[in-house]
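Note that the coordinates shown come from a computational prediction; the quantities given were computed from them, not determined experimentally. When a residue number appears, it is its place in the shown sequence, counting from 1.
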Amino acid sequence: MDDGLEQSWWANMPHELLREVLLRIESSEAKWPPRRSVVACAGVCRTWRLIVKEIVKPPQLSSNITFPISLKQPGPREHLLQCFIRRNSGTQTYYLFLSLSSALADDGKFLLAARKFRRPTCTDYIISLDADDMSRESSAHIGKLRSNFLGTKFTIYDSQLPHARAKMTKSSSTRLVNPKQVSPKVPTGNYPVAHISYELNVLGSRGPRRMHCVIDTIPASAIEPERVAPSQTSYSTSNIGTSFPFFQTNSTHLENSISGEQNNKKDDVLVLKNKAARWHEQMQCWCLNFQGRVTIASVKNFQLAALTVNGHAEPQEDDVILQFGKVGKDMFTMDYRYPISAFQAFAICLSSFATTVACE
């Protein structure tokens with residue numbers, strides 16, 4: 001049987017039978033590495049892909065990262081999704097993995113990679129889907145983190161339009177992409193999606209660094225129980241095909257969230273602030289409760305929570321949206337949840353590696 005006839009046979013399976021088979025595969029292969037079977041099913045043909053797209057839920061609902069687009073979608077609402085970052089100091093590269101067990105270090109499922117590039121007036125961290133290709137020209141390039149000269153302020157850029165009203169930053173480095181590789185509805189470039197700032201420690205006071213993170217693409221109201229954060233629904237790269245729309249977001253809420261002047265007001269966007277550490281007299285160090293996920297004291301360790309209406313952030317442990325901490329010489333845990341994505345969380349954590357001593 002030739003490939004054309006075989007593909008036609010698979011595509012023409014009875015819809016009810018095919019859906020039942022794919023539902024059983026999706027439910028039984030809930031964790032990696034077995035979950036690669038779900039990805040394989042999506043690549044059989046268009047019919048299979050459409051059904052997989054329908055039954056596979058985004059991380060917010062399933063707590064699973066299945067396809068590349070999952071990395072640009074909000075994490076689970078109810079709990080932190082556990083990941084870890086491996087650093088290679090020699091090559092100045094960083095690798096993000098999804099934890100496959102409760103252990104602080106395991107083989108993990110590779111998610112993203114980043115490489116540090118020093119420039120005369122700033123530092124860039126180029127973020128890629130490919131662990132071996134972290135160039136801006138790569139089709140696996142999905143964004144970057146850029147710092148100012150002092151290493152106190154950072155901007156996260158998405159290479160793809162995060163929502164309908166986003167504006168691309170003018171830059172001489174805007175990537176020219178083969179039009180056959182990218183859907184015309186999803187242009188590529190530099191779209192600022194978040195800003196991170198660290199307070200200068202000019203007085204040399206003791207304690208953890210203080211940081212603020214403004215997520216320009218997420219409204220502050222997204223953290224309310226009945227609201228839904230804006231979410232990308234397709235990812236364009238030649239590795240996957242022309243704009244693979246795996247999931248659909250609640251479009252009505254998305255339009256409401258970014259309509260009018262909401263995204264133009266800083267008090268209407270999500271602002272994250274690091275949780276204040278407490279001084280432990282017996283241990284003689286600043287402490288945060290990482291629920292056992294961090295084992296080594298470091299100025300890089302932090303927990304971020306959303307600012308409340310009155311501008312204060314004094315969360316309980318279950319209010320933490322992102323936490324990052326050291327567990328080995330070049331090993332760090334990164335746990336995140338709704339409303340931020342793995343891409344946003346990874347970029348925020350990269351800023352902790354880049355921050356200068358002026359903030360410590």
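In terms of hydrophobic clustering, with Ile, Leu, Val, Met, Phe, Trp and Tyr side chains grouped at heavy-atom distances under 4.5 Å, Val294 and Ile296 are assigned to different clusters. Phe346 and Ile126 fall into different hydrophobic clusters, where Ile, Leu, Val, Met, Phe, Trp and Tyr are joined by side-chain heavy atoms under 4.5 Å apart, directly or via other members. Met13 and Ile55 fall within a single hydrophobic cluster, where Ile, Leu, Val, Met, Phe, Trp and Tyr are joined by side-chain heavy atoms under 4.5 Å apart, directly or via other members. Under the 4.5 Å side-chain heavy-atom criterion for grouping Ile, Leu, Val, Met, Phe, Trp and Tyr, Leu50 is not connected to Leu17 through any hydrophobic cluster. Linking ILVMFWY residues whenever their side-chain heavy atoms come closer than 4.5 Å, directly or via other members, places Tyr125 and Ile142 in the same cluster.
Inter-residue side-chain proximity for Ser62 and Glu26 is flagged as unmet; no heavy-atom pair is nearer than 4.5 Å. Residues Ile69 and Gln232 form a side-chain contact, since some pair of their non-hydrogen atoms from C-beta on lies under 4.5 Å apart. Inter-residue side-chain proximity for Val52 and Thr66 is flagged as unmet; no heavy-atom pair is nearer than 4.5 Å. Between Phe343 and Asp158 there is a side-chain heavy-atom pair separated by less than 4.5 Å. Between Pro74 and Pro58 the shortest side-chain heavy-atom distance does not fall below 4.5 Å. Between Phe67 and Val56 the shortest side-chain heavy-atom distance falls below 4.5 Å. Side-chain atoms of Lys109 and Leu100, non-hydrogen and from C-beta on, do get closer than 4.5 Å to each other. Between His79 and Arg337 there is no side-chain heavy-atom pair separated by less than 4.5 Å.
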Next on the checklist: side chain to side chain contact (heavy atoms under 4.5 Å, CB included) for Phe302 and Leu322? Distances and angles first, verdict last.
Outcome noted: CA-CA 8 Å; Phe302 66 80; Leu322 171 63; 3.9 Å; yes
Checklist entry - Which is it for Gln73 and Ser341 under the side chain to side chain contact (heavy atoms under 4.5 Å, CB included) test, yes or no, and what are the steps along the way? => result CA-CA 5 Å; Gln73 297 177 324; Ser341 66; 5.6 Å; no
Checklist entry - Could you go step by step and tell me if Leu350 and Ile127 meet the side chain to side chain contact (heavy atoms under 4.5 Å, CB included) rule? => result CA-CA 10 Å; Leu350 289 173; Ile127 303 174; 4.1 Å; yes
Checklist entry - Yes or no on side chain to side chain contact (heavy atoms under 4.5 Å, CB included) for Leu98 and Leu81, after CA distance, side-chain angles and deciding distance? => result CA-CA 8 Å; Leu98 177 68; Leu81 194 59; 4.0 Å; yes
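Rounding to the nearest 0.5 angstrom, the gap separating the CE atom in Met211 from the CG atom in Leu272 is 8.5 Å. Rounded to the nearest 0.5 angstrom, Lys273 NZ and Ile321 CD1 are separated by 14.5 Å. Here Cys213 contributes atom SG and Asn274 contributes atom CG; the two are 11.0 Å apart, rounded to the nearest 0.5 Å. Within the model, atoms CD1 of Ile218 and OG of Ser231 stand 9.5 Å from one another, a figure rounded to the nearest 0.5 Å. Atom SG of residue Cys83 and atom CZ of residue Arg293 lie 8.0 Å apart, to the nearest 0.5 angstrom. Going from atom CZ of Arg36 over to atom CD of Glu29 covers 10.0 Å, rounded to the nearest 0.5 Å.
In terms of modelled atom types and a separation under 3.5 Å, the side chain of Asn301 and the main chain of Lys326 share a donor-acceptor contact. Of the possible donor and acceptor atoms, none in the side chain of Gln92 sits under 3.5 Å from a partner among the backbone N and O of Phe117. Side chain of Tyr338 to backbone of Ala222: a donor-acceptor contact under 3.5 angstrom is found. With Gln344 contributing its side chain and Val193 its backbone, the two residues share no donor-acceptor pair below 3.5 Å. Judged by distance alone, with hydrogens and angles left aside, the side-chain atoms of Ser352 form a donor-acceptor pair with the main-chain N or O of Lys300 at under 3.5 Å.
For Phe324 and Phe353, the ring centers sit closer than 6.0 Å to each other.
Inspection of the Asp335 and Gln291 side chains reveals no N or O donor paired with an N or O acceptor under 3.5 Å. Checked by atom type, the side-chain pair Ser89/Asp330 shows a donor-acceptor distance below 3.5 Å.
Just one of Thr155, Asp124, Asn190 meets the side-chain hydrogen bond (donor to acceptor under 3.5 Å, both in side chains) condition when paired with Arg146; it is Asp124.
Nearest heavy atom pair, residue Met334 against residue Leu96, reads CE-CD1, 3.7 Å. Contact detail for Ser135 and Asp133: the closest heavy-atom pair is OG-OD1, 2.9 Å. Residues Asp130 and Ser128 come closest through the heavy atom pair N-OG, 2.9 Å. Scanning both residues, Ile85 and Cys349, for their nearest heavy atoms gives CD1-CB, 4.0 Å. In terms of heavy-atom proximity, Leu111 sits nearest to Phe97 at CD1-C, 4.0 Å. Summarising the geometry of Trp48 relative to Val44, their closest heavy-atom pair is CE3-CG2, 3.7 Å, with the distance given to 0.1 Å.
Tyr95 does not carry Arg86 over the face of its six-membered ring by the limits of under 6.0 Å from the centre and within 45° of the normal. Geometrically, Arg87 does not engage Phe332 in a cation-pi contact, judged by NZ or CZ lying under 6.0 Å from the ring centre and within 45° of the ring axis.
In this structure, Arg24 places its CZ atom where only 12 or fewer heavy-atom neighbours from other residues, nucleotides or ligands lie under 6.0 Å away. Within 6.0 Å of CD in Glu78 there are 12 or fewer heavy atoms belonging to other residues, nucleotides or ligands.
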